[in-house]
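Okay, structure first, notes after.
We count ligands from 1, going down the list as the structure has it; atoms in each ligand are counted the same way.
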Amino acid sequence: MDLYWHRRDLRGTDNRGLARAASLSTEPIVPVFVFDPTILEHASPIRVACLLEALEGLRAWYRERGSDLLVVRGEASDVIPQLAAEYDAETVVWATDYSGLAHERDRAVTAALEDDGVTCESVHDSIHHEPGSITPNEGEHYSVFSYFWKKWRDREKREPVDAPASEALAAISGEPLPSLSALGFEEPSSTPPSVTQAAARERVTEFCSGPIYRYADDRDKPAVDGTSQLSVHLKWGTIGIREVYEATVRAATRAATDDDRESVSAFQRQLAWREFYAHVLEFNPETVTENFSGYEHDIPWRQDPDELEAWKAGETGYPIVDAGMRQLQAEGWMHNRVRMLVASFLTKDLLIDWREGYDWFRAKLADHETANDVGGWQWAGSTGTDAQPYFRVFNPMKQGREYDPDADYIREYIPELEGVPADAIHDWHELESARRTSLAPSYPEPIVDHGERRERAIAAFEQARGE
Ligand SMILES: Cc1cc2nc3c(=O)[nH]c(=O)nc-3n(C[C@H](O)[C@H](O)[C@H](O)COP(=O)(O)OP(=O)(O)OC[C@H]3O[C@@H](n4cnc5c(N)ncnc54)[C@H](O)[C@@H]3O)c2cc1C
């Protein structure tokens with residue numbers, strides 16, 4: 001019996017890899033998942049908790065079809081060939097994962113299987129257009145998103161694929177899943193979101209039946225539930241990208257106005273950002289640790305453990321920044337506008353290396369996805385492809401006033417500011433110290449002066465540019 005190796009595609013429907021495995025094989029497929037210690041070394045409690053829930057859901061999906069998911073532990077390059085031998089598999093199929101670590105693992109597994117005479121096939125599944133399929137007329141890869149987006153938008157998309165028939169799945173029975181602690185992880189500090197195929201489909205249906213038409217207006221307002229919150233599902237593959245996209249196309253056909261249609265397009269554009277960053281990472285794997293854009297000299301990042309700790313704890317005295325950092329701590333998720341703001345604050349106001357921020361996000365985000373996380377950090381740190389120019393430094397007060405005018409989002413995560421008027425919250429850095437103390441005695445004073453820090457950041461980047 002041939003094997004299908006699940007990794008970050010934890011679903012049965014609209015799974016191109018699984019469908020391919022079923023179509024290749026004349027015998028039923030054995031579905032497998034591997035807890036690989038090398039990959040787990042890079043994981044965090046929240047992500048492993050999400051993974052376990054998604055696996056539990058996938059296992060239930062297989063059981064409803066008279067099959068099961070085999071879950072094994074060990075180096076993939078050892079256990080996959082062992083399972084292939086055990087089941088006398090001629091072929092092992094999986095879905096392509098574009099991170100450098102995944103490529104390394106897959107090369108080792110491929111070599112081991114080929115040594116044993118087993119054929120392997122890696123199928124593009126997690127994005128519509130695989131790296132190398134959307135290229136500029138001149139040059140090899142896009143580094144400017146707007147050009148990439150135009151081609152991505154106009155390119156024909158694949159349709160969702162059906163789940164394999166039950167008869168195509170092996171009647172096997174697996175062991176129970178290991179617990180979080182058995183895998184060496186503590187309980188996460190935030191409550192993991194529900195990461196199941198049913199939750200993902202429900203979210204898509206709900207979002208595409210109404211909020212998607214307001215997305216263009218609402219997507220930057222953190223107090224409004226205006227974004228899809230699909231990131232954790234796209235990360236773990238509890239829904240297929242073709243199914244999501246098809247739902248957006250159906251929403252566009254139901255749109256009542258041009259504005260509604262444009263709002264759907266604004267959402268599709270964000271899906272394209274995800275693919276843009278996957279392409280960037282595929283062709284520049286070193287950007288997980290290295291700046292994408294070179295500067296003539298090193299950027300003079302600062303080491304300041306106290307400021308870094310205040311940022312992580314949401315104790316900077318800049319309310320919108322602190323609300324975002326506390327949302328991350330409480331939920332394992334943060335609104336995109338606020339991710340941009342907190343990342344700008346760390347890399348510009350505090351002049352702390354984007355890699356420190358990336359590490360913290362990687363530890364805390366349930367939806368941590370290497371390509372998007374590195375892309376977002378390098379964008380904010382003005383080191384990335386198509387990044388924020390170094391001289392555009394977000395002003396946290398103005399951003400707070402613009403995107404959270406009533407300070408509802410801020411108050412939700414900073415109980416110390418309960419009852420403080422929105423104007424005072426947005427002017428927090430300008431208030432007299434005594435006034436701040438009388439309004440919110442336990443909320444911190446601003447740890448830095450934004451105006452001064454902005455000047456210093458611009459000067460530091462100019463120095464790095466050799467100006
Ligand atoms: C510093 C920083 C770090 C980030 N880290 C991650 C990360 O680890 N994982 C992650 O999925 N996204 C990351 N993002 C992008 C973005 O913030 C999240 O995708 C988004 O907030 C998820 O919420 P949503 O699903 O409601 O998004 P929606 O607005 O509903 O967007 C739909 C989907 O499009 C994709 N998307 C949206 N915005 C972006 C973007 N800017 N870049 C790439 N893809 C995008 C995501 O898959 C998202 O689920 C980061 C952004 C920044 C600025």
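The residues lining ligand 1, counting any heavy atom closer than 4.0 Å, are Y215, T227, S228, Q229, L230, S231, L234, F267, Q270, L271, W273, R274, Y277, W333, M334, N336, R339, M340, A343, F361, L365, D367, H368, E369, N372, D373, G376, W377.
In this structure, the salt bridge (Lys or Arg N to Asp or Glu O under 4.0 Å) partners of R411, at least two apart in sequence or on a different chain, are D408. For Y403, the ring-ring contact (aromatic ring centres under 6.0 Å, His included) criterion is met by no residue, not counting sequence neighbours. With sequence neighbours left out, the ring-ring contact (aromatic ring centres under 6.0 Å, His included) criterion links H103 to no other residue.
Checking side-chain atoms of N284 against main-chain N and O of V280 turns up a donor-acceptor pair under 3.5 Å. Side-chain atoms of Q378 come within 3.5 Å of backbone N or O of F292 as a donor-acceptor pair.
Checked against the 6.0 Å centroid criterion, the rings of F283 and H141 qualify as a close aromatic pair.
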